Amino acid sequence: MTRLRDAWRTHVPLPTSVVLIVAAIYVALKLVRPVIPGSVILLYMGFVIAGATIHVTLDDARIRRFLDFFVEVSGREPRAIRAQRWALLAVIPLVLGWWVYDALRPKYAPPVEIFQRHPTVGEEVLKRVTVPAWAADPAKWRAEDVAVGKRLYEANCAVCHGEKLDGQGPAAEGFRYPIRPANFTDAGTIAQLTLPYVYWRLTVGGIQNQFNSAMPKWTASDAEPDASTLHSNDLTSDEAWKVILYIYRGSGFEPRRE
């Protein structure tokens, strides 16, 4: 163990170790299931960076090792060490620059009081939504149903929600109010919802109702069969369910359990 630690210190300087550990924790948080919302990951990463800073500055010897890596440059040091130094000197400013740019660039955010991404619906409404037996269990979803859902999604939904389900479809820029099309790859969207709710949201839509959403009504709804919108009945109920199956499969999420 001592030999391994000495080898690590020899070939991986302290600044590189810190960056690798912080990056590994970030990747682990992004890959964890069930998914963690981006805001929570940002909070966790604040703690991680604070901990790394404390670790480096808690001991004078560590501080010197950290600074010497960038200041005390020797022509006799291994090429790998020089490569690590230049990589860090390039990567760290680029990452910090991107964070600053992303924080300062103009972003559109609708007023909270007039729009909800997931409007509340009464239990009595969702109870009227019947989930087909073939769609109820993600472990039993058939590949052919998902394939049909993919074709239907690409023909009807991708123009707004994007071929990659990221909310970046060709028409997405046209929706500035109340909000852009949903990004299904975001952990804060369908990963937080149950199947009856997603079906209700797809079938009820919102452009002519109190939710003030640009999402149209795509099919007759089990929950509100008499609801009328400009874009009604383009999909059958089974087709709507198959689109939902594809969205979950394509985004890598599963519906929230009751």
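Just so you know, residue 1 is the first one in the sequence shown, and it goes up from there. Being a predicted model, the structure only gives us computed values, none of them experimental.
- Counting heavy-atom neighbours within 6.0 Å of Phe66 CZ, excluding the residue itself, gives a total above 12.
- In this structure, the separation between CD on Glu239 and CG on Leu152 is 5.0 Å, given to the nearest 0.5 Å.
- Taking the side chain as every heavy atom from C-beta outward, Val131 and Tyr199 never approach each other to under 4.5 Å.
- Checked by atom type and distance alone, the side chain of Gln192 never pairs as donor or acceptor with a backbone atom of Arg256 at under 3.5 Å.
- Rounding to the nearest 0.5 Å gives a distance of 9.5 Å between CG of Leu14 and CG of Leu67.
- In this structure, Arg85 forms a cation-pi arrangement with Phe69, its terminal cationic atom sitting closer than 6.0 Å to the ring centre and no more than 45° off the ring axis.
- Note that the CH2 atom of Trp241 and the CG atom of Leu235 stand 13.5 Å from one another [nearest 0.5 Å].
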* Go through the steps for Tyr246 and Val148 under the test side-chain contact (heavy atoms from CB on, under 4.5 Å), then give the verdict. => CA-CA 8 Å; Tyr246 166 68; Val148 171; over 6 Å; no

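- No donor-acceptor distance shorter than 3.5 angstrom exists from the side chain of Arg249 to the backbone of Val146, with no hydrogens or angles considered.
- Note on Phe47: it does not cluster hydrophobically with Leu58, by side-chain heavy-atom contacts below 4.5 Å among ILVMFWY residues.
- Under the 4.5 Å side-chain contact rule for hydrophobic residues, Val19 and Trp86 share a cluster.
- A single hydrophobic cluster is not seen to contain both Leu104 and Leu94; linkage of ILVMFWY side chains at heavy-atom distances under 4.5 Å, directly or through other members, places them apart.
- In this structure a side-chain-to-backbone donor-acceptor pair under 3.5 Å is present from Ser17 to Pro13.
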* Test log, rule side-chain contact (heavy atoms from CB on, under 4.5 Å), inputs Gln84 and Ile81 -> CA-CA 5 Å; Gln84 292 179 52; Ile81 300 297; 4.0 Å; yes

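- Residues Pro255 and Thr194 fail the side-chain proximity criterion, which asks for heavy atoms closer than 4.5 Å.
- Side chain of His161 to main chain of Gln168: no donor-acceptor pair is present (N/O by atom type, distance under 3.5 Å, no hydrogens or angles).
- In this structure, the side chain of Trp141 engages the main chain of Ala135 through a donor-acceptor pair within 3.5 Å.
- In plain terms, the two heavy atoms of Ala52 and Val22 that are nearest each other are CB-CG2, 4.3 Å.
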* **Stepwise side-chain contact (heavy atoms from CB on, under 4.5 Å) check, Lys30 with Tyr26** => CA-CA 6 Å; Lys30 293 289 285 187; Tyr26 176 76; 3.9 Å; yes

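- Between Leu195 and Ile244, the shortest heavy-atom distance links the atoms CD2-CG2, 3.9 Å.
- Side-chain atoms of Asp102 do not come within 3.5 Å of backbone N or O of Trp98 as any donor-acceptor pair.
- Note that the CZ atom of Phe184 and the CD1 atom of Ile247 stand 4.0 Å from one another [nearest 0.5 Å].
- When all heavy atoms are compared, the tightest approach of Pro138 to Ala136 is CD-O, 3.6 Å.
- Ring to ring, Phe253 and Tyr248 are not that close: their centroids are 6.0 angstrom or more apart.
- Residue Ala158 comes nearest to Pro170 through the heavy atom pair O-CD, 3.8 Å, listed as atom of the first residue, atom of the second, then distance.
- Side-chain atoms of Asn183 and Thr185 include a donor-acceptor pair closer than 3.5 Å.
- Once rounded to the nearest 0.5 Å, the distance linking CD1 of Ile190 with OH of Tyr197 reads 13.0 Å.
- Residues Ile54 and Tyr44 are members of separate hydrophobic clusters, defined by side-chain heavy-atom contacts under 4.5 angstrom among Ile, Leu, Val, Met, Phe, Trp and Tyr.
- The two residues Ile49 and Trp99 make their nearest non-hydrogen contact at CD1-CH2, 4.5 Å.
- Look at Asp145 and Arg142 and you find a salt bridge, because one of the NZ, NE, NH1 or NH2 atoms lies within 4.0 Å of a carboxylate O, short of that distance.
- Across all their heavy atoms, Ala171 and Cys160 have their closest contact at CB-SG, 4.2 Å.
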* Asked: Given the rule in the side-chain contact (heavy atoms from CB on, under 4.5 Å) test, do Trp134 and Asp238 qualify, once you have shown the distances and angles that lead to the verdict?
  -> CA-CA 10 Å; Trp134 52 269; Asp238 277 359; 3.7 Å; yes

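- In this structure, the separation between CG on Leu20 and CD1 on Ile25 is 11.5 Å, given to the nearest 0.5 Å.
- The local environment of CD in Glu154 is crowded, with over 12 non-hydrogen atoms from other residues, nucleotides or ligands closer than 6.0 Å.
- Linking ILVMFWY side-chain heavy atoms closer than 4.5 Å, directly or via other members, places Val159 and Val243 in two distinct hydrophobic clusters.
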